[in-house]
Protein chains: 2
Amino acid sequence: MEQGTQRPRIADVAREAGVSKTAVSFAFNSPDRLAPETALRIRAVAEDLGYRPNPVARMLTQRQTMTIGVLTPQALSVIFSNPFFGAFSEGVALAAEEHGYGLHFISPLHGSLARAMSRATVDGVVAIGLSDGHPEVEQIRRAHVPIVLVDSTALPEHGSVEIDDVGGARAAGEYILGLGHRDVLILGVEPPAADLGGPDPDGVTGRRLRGYREAFAAVGARIDDDRVMVGPASVDGGIAIINSAWEDGFRPTAILAMSDAMAIGAMRALRDLRLDIPGDVSVVGFDDIDLAPHVDPPLTTVHQPIRRKGEEAVRLLLSVVERRDLARPEHRRLETRLIVRSSTGPVRARREEVAGDRD
Amino acid sequence: MEQGTQRPRIADVAREAGVSKTAVSFAFNSPDRLAPETALRIRAVAEDLGYRPNPVARMLTQRQTMTIGVLTPQALSVIFSNPFFGAFSEGVALAAEEHGYGLHFISPLHGSLARAMSRATVDGVVAIGLSDGHPEVEQIRRAHVPIVLVDSTALPEHGSVEIDDVGGARAAGEYILGLGHRDVLILGVEPPAADLGGPDPDGVTGRRLRGYREAFAAVGARIDDDRVMVGPASVDGGIAIINSAWEDGFRPTAILAMSDAMAIGAMRALRDLRLDIPGDVSVVGFDDIDLAPHVDPPLTTVHQPIRRKGEEAVRLLLSVVERRDLARPEHRRLETRLIVRSSTGPVRARREEVAGDRD
DNA sequence: CCGGTTTAGCAAACCGGTTTAGCGGACATT
DNA sequence: AATGTCCGCTAAACCGGTTTGCTAAACCGG
């Protein structure tokens, strides 16, 4: 008659089975070192007691956790609301599962990423969106934990996976220019609150902006700084920016968003303003999330292999983790490409109307 | 000159600082037990050596991990592709972060959920969609780990959070009937491959189906079994079902999907079949994911408080975890409600046309 | 029958921390 | 001067497993 007693330990099983702790351990981990019937008996006793080896103790002796961490400088609650992150996690999970690793999500604990990392029991970390200017990069670097960075080059001595942000953005810009648009609005993704650094020219927003500008420069046009507005990479973020831009009198003919979620929000807000897409305003996104083809209208966007990004990051990481081969860090860059759907069209001759509207 | 040496342990810091391990431990955990300057000196040495207490060892002595697990019977890679799960995780993450807990995702390891759970170092588990018929519930039950179930009543001795599936589905059914529809198709969500049990009348699909049927029964109509088709709760799942249904000659005037992702897929497939929504076919979803208002056309769906579900589950769990109060398990049920948008409309008098089309 | 090899299982050390019990010295009290 | 407290710190035990030596008995060939 066992009451609400604690979980049985290995010693309990040993006593009950009349053997040593060693034998119990063997029964689970190297049964061949025991007489078959002994192993069987021990396991029966264990099963009977509901014994389950304490995974923490096991981790301690084996000095590995079979877990990889996904590190994000933003709160998980904001991260998970971005469909991009879901897809990325999907890739990460796929590769991790394949190798028998579990997944642990690490986000700032009481505001500190480094602290959160200290508490986390992981064999390695995939860090996404850890920008160069983050105040804790130095502590993270010193943590002596294998890391692979995604969408960032903040820690060049570690491996990394990125995409061709500049090229993708340039393609989007060229396409929009080809349709005759010159008056555009850029929707940039806000860096996590933690690094207030400002523009961060090497962050995702900076790189994509560079791509857009390259395209414009090539035809002698330009994108003024006041045309670049940043906000959270979410549907609501897109809505908010468009509304405030319209209030400020901006009347662009095309929107270049750095995230599909923002682009979708933008389309929403534009429609609420009684504007037709792409008749009045063209919208281009970035990411090509699963739902991009299914929104109204289907979204023209820059495709990036989101899942593969997650997979590659894990593979890179595990290659370091498994053979402690910290040799030369590998940097991998994946391709992007423009996917034209129906949210973009040629610019309409309505300059005068817009001009009258403004001011 | 330190080479690629291992991470420093507490003993290294102690030696370097000329104190005992105890003192080092105190310097970090209860500095007030040391002379101020001693504590400072020790921390300086630690900082200098790049010492970081091994979290696993710490967990072992404290007998808590400050981590909660999110258990799902499906592979994470399939789970993360469902926007519903993203939102749910958001709620979970929110509540977990608030209490200083980390998040560990647990999915079947080499096919075994119980094994995955054994390896996981968590203080408690939120299990989502663990159906009654799952072959490993018994092992999971015996794991001696606090659990809260979401959308399931498989383990009545543990706490649970569910929603009013039946009521929500009934509301959707009544609304569709009110629009004149009688010829419907139900898109059910597939239980995870692991529990091949079959229909599972108490699973999510079973409960919602009951709701639809109650509504139909109330007006003397019925939904035949062959009108119920199950598939993965994803956009692609919805597309596949609609296509095969149309191939089989079904020409319903309304689709009742048990997941927004499926509903979106269904709309996609319908549009590809040159059908108008809601002119030719009405579509109702379930979940009310963030994007539901933004798809084309905005989706009529049954709203459920997805994030709150995650939050409540964590709160329930932590109330058990923190004071080991296994007293009476709490069961909480959240409300659902129908949100009418534009994917539904009155049935069109086109019966004859459909009849001619069929067979 | 004897020395050598296997086999089955054990005791003890170890993983890297935390915590308990206690000790010597400084200081206060009588 | 003797006694009692407090302070600052330490040695050793402990968390719950795994792993390393090692031993006693069984086995084996000659």
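Letters A, B, ... mirror the listed sequences (proteins, then strands); counts begin at 1. For clarity, every value in this text was computed on a predicted model and none was experimentally measured.
- Atom CG of B:Leu34 and atom P of D:dT10 are 8 Å apart (whole Å).
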Do any side-chain atoms of residues 8-19 of chain A form donor-acceptor pairs under 3.5 angstrom with protein atoms, and if so which ones, sequence neighbours left out?
unit_1: A:Arg9; atom_1: NH1; unit_2: A:Arg7; atom_2: O; d: 3.4
unit_1: A:Asp12; atom_1: OD1; unit_2: A:Arg15; atom_2: NH2; d: 2.8
unit_1: A:Asp12; atom_1: OD2; unit_2: A:Arg9; atom_2: N; d: 2.8

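- Within 4.0 Å of B:Val24, counting heavy atoms only, lies no atom of the nucleic acid at all.
- Residue whose closest nucleotide on DNA chain D sits further toward the 5' end, between B:Arg63 and B:Arg41: B:Arg41.
- As rounded to whole Å, 17 Å separates atom C1' of D:dC9 from atom CZ of B:Phe28.
- Of the candidates A:Val92, A:Val161, A:Leu149, A:Thr72, A:Thr72 is the only one forming a side chain to side chain contact (heavy atoms under 4.5 Å, CB included) with A:Ile128.
- Contact annotation for B:Tyr51: backbone-only contact, meaning every heavy-atom pair under 4.0 Å involves sugar-phosphate atoms and none involves a base.
- As a whole-Å value, the separation of B:Glu37 CD from D:dC9 C1' is 12 Å.
- Whole-Å rounding puts the B:Arg7 CZ to C:dG17 C1' distance at 11 Å.
- Summary of the strand contacts: B:Ala57 and B:Thr38 both lie near DNA chain D, and taking for each the nucleotide with the nearest heavy atom, the more 5' one is attributed to B:Thr38.
- Of all nucleotides listed (D:dT18, D:dG16, D:dA11), D:dG16 comes nearest to the side chain of A:Arg9.
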Polar-atom pairs under 3.5 Å, protein N or O versus N or O of nucleotides 20-25 of chain C: list them with distances, or write none.
none

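- Ring pair A:Phe88/A:Phe85 is tilted by interplanar angle, where 30° to 60° counts as tilted.
- Using a 3.5 Å distance cut-off with no hydrogens or angles, the side chains of A:Glu136 and A:Ser112 do pair a donor with an acceptor.
- Atoms CD (A:Gln62) and P (D:dG16) sit 17 Å apart, rounded to a whole Å.
- Between A:Asn29 and the phosphate of D:dT18, there is a side-chain N or O to OP1/OP2 separation shorter than 4.0 Å.
- Taking every side-chain heavy atom of B:Lys21 into account, C:dG17 is the closest of C:dG17, C:dA11, D:dG17.
- Annotation: side-chain hydrogen bond (donor to acceptor under 3.5 Å, both in side chains) contacts of B:Glu98 (sequence neighbours excluded): B:Arg315.
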Q: Decide yes or no on side chain to side chain contact (heavy atoms under 4.5 Å, CB included) for A:Thr67 and A:Thr121, but give the supporting numbers first.
A: CA-CA 7 Å; A:Thr67 300; A:Thr121 54; 5.7 Å; no

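- Between A:Phe105 and B:Phe105, the angle of the ring planes goes over 60°, which puts this pair in the perpendicular group of the 30/60° scheme.
- In terms of the side-chain hydrogen bond (donor to acceptor under 3.5 Å, both in side chains) criterion, residue partners of B:Arg141 (sequence neighbours excluded) are, by chain and number, B:Glu138, B:Glu157.
- Taking atom CD1 of A:Ile10 as the reference point, atom C1' of C:dC15 lies 14 Å away to the nearest angstrom.
- Consecutive Watson-Crick or G-U pairs involving DNA chain D, each under 3.5 Å on both distances, make up stems of three or more pairs at C:1-30 with D:1-30.
- Ranking D:dG17, C:dG16, C:dC10 by closeness to the A:Thr61 side chain, first place goes to D:dG17.
- No engagement by A:Val56 is indicated, since no non-hydrogen atom pair under 4.0 Å with the nucleic acid exists.
- Using a 4.0 Å heavy-atom distance criterion, B:Leu60 is classed as a base contact.
- Rounded to whole Å, the distance from CD1 on A:Ile42 to P on C:dC10 is 8 Å.
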Q. For A:Asp123 and A:Thr65, what are the C-alpha separation, side-chain angles and deciding distance, and is it a side chain to side chain contact (heavy atoms under 4.5 Å, CB included)?
A. CA-CA 6 Å; A:Asp123 292 336; A:Thr65 64; 2.9 Å; yes

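- The salt bridge (Lys or Arg N to Asp or Glu O under 4.0 Å) analysis of residues 52-77 of chain A, with sequence neighbours excluded, yields no pairs.
- Between A:Leu49 atom CG and D:dG17 atom P there is a gap of 12 Å when expressed in whole angstrom units.
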